[in-house]
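Proteins come first, then strands; the chains are lettered A, B, ... in the order of their sequence lines, and each starts at number 1.
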2 protein chains.
Amino acid sequence: MAQRTKTKNCCDASPVKLKADPTAGELAELAWAIAHPARVQIVRLLLARKACVCGEIVDCLPLAQSTVSQHLKILKDSGLIQGDVDGPRVCYCINPQQLHRLKALVADL
Amino acid sequence: MAQRTKTKNCCDASPVKLKADPTAGELAELAWAIAHPARVQIVRLLLARKACVCGEIVDCLPLAQSTVSQHLKILKDSGLIQGDVDGPRVCYCINPQQLHRLKALVADL
DNA sequence: ATCTTTAATCGTAGATCAACGATGAGGTGG
DNA sequence: CCACCTCATCGTTGATCTACGATTAAAGAT
């Protein structure tokens, strides 16, 4: 195969080979964490109110408690939020470092 | 239920009700478009090289042509990239407006 | 006209997601 | 101790994703 010696108007290709970008996976994971409307709303809720127990979040969303809990787990696993146990309830809040990391990775695109 | 009159140290709750944020879905869709390492790499590839035909992208990724084509379709559907037919090949490039939209939505979190 | 190249699409298989109700584990209060 | 509240987890059901090979469609080349 005479690999792409054609080089038409739009593409001056040099076979880059793309050295397995380690941050691609990191960005993908963080993006995936907010790749659902409910999770975006949860993040915004936590940002607007600084902190929030699970039950309040459930009241704000048209979803079952178990579903919200799942979304919270996904956000927690991504590091974007953290949950502190406060007696019988759990107080969630944003992890600013990780949110900043997400913003930086997106801004650097 | 005496809804949350407890208000411990972390949460001063006022039932916000969260008026169906229209941009939540928009951000979720854009985030989802880059919520996969391969798609992040494709976006970066297009940004670095300004434009790129499908075959070159395939050469840069450890994925089958049909799989790459699927990812390109997802990115195209999100509006983040666009594909211009150039004879027998298709020249993909970033759509700066939509990328900027994504950056703005993330930055405003 | 035919053959090749390029890329999209089809069909499929397996994995993961998203939603729910039900259950369970802790903590509070009577 | 027992009832209750809060939240995580389990189990399940569809739906969707991701990957692939095979096929198709369109454009060029011989």
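Distance CD1 (A/Ile42) to C1' (D/dC7): 14 Å, rounded to an integer number of Å. Between B/Leu63 atom CG and D/dG21 atom C1' the separation is 14 Å, expressed in whole Å. If you take CG of A/Leu72 and P of C/dA18, they are 13 Å apart, rounded to a whole angstrom. When rounded to the nearest whole Å, the span between NZ of A/Lys73 and P of C/dA18 equals 14 Å. In this structure, CG of A/Asp77 is placed 12 Å from P of D/dA8, rounded to the nearest angstrom. Spacing between atom CH2 of B/Trp32 and atom C1' of D/dT16 amounts to 8 Å, rounded to whole angstrom units. Between the OH atom of B/Tyr92 and the P atom of C/dT6 there is a distance of 15 Å, rounded to whole Å. Here the C1' atom of nucleotide D/dA27 and the CG atom of B/Asp86 are 11 Å apart, to the nearest Å.
Side-chain atoms of A/Asn95 come within 3.5 Å of backbone atoms of A/Gly79 as a donor-acceptor pair (strictly under, hydrogens ignored). A distance-only check finds no donor-acceptor pair linking the side chain of A/Arg101 to the backbone of A/Leu80 [under 3.5 Å]. A donor-acceptor distance shorter than 3.5 angstrom exists from the side chain of B/Lys103 to the backbone of A/Leu109, with no hydrogens or angles considered. Although no hydrogens or angles enter the test, the distance criterion places no donor-acceptor pair under 3.5 Å between the side chain of A/Gln41 and the main chain of B/Ala24.
Distance from the side chain of B/Ser69 is smallest to C/dA8 among C/dA18, D/dC20, C/dA8. Minimum atom distance to the side chain of B/Arg89 is reached by C/dT6, of the listed C/dT6, D/dA8, C/dA18. The listed nucleotides are C/dA7, D/dG21, D/dC7; the one nearest the side chain of B/Ser66 is D/dG21. Distances were taken from every side-chain heavy atom of A/Ala64 (C-beta onward) to each of C/dG27, C/dA8, C/dG21; the shortest belongs to C/dG21. Across D/dA19, C/dA8, C/dA19, the shortest atom-to-atom separation from the side chain of A/His36 is found for C/dA19.
On a pure distance criterion of 3.5 Å, a polar donor-acceptor pair joins the side chain of B/Gln70 and the base of D/dA19.
When each of B/His71 and B/Gln65 is assigned the nucleotide of DNA chain D with its nearest heavy atom, B/His71 is the one assigned upstream, toward the 5' end.
For the residue pair A/Arg44 and B/Thr23, a side-chain donor N or O sits within less than 3.5 Å of a side-chain acceptor on the partner.
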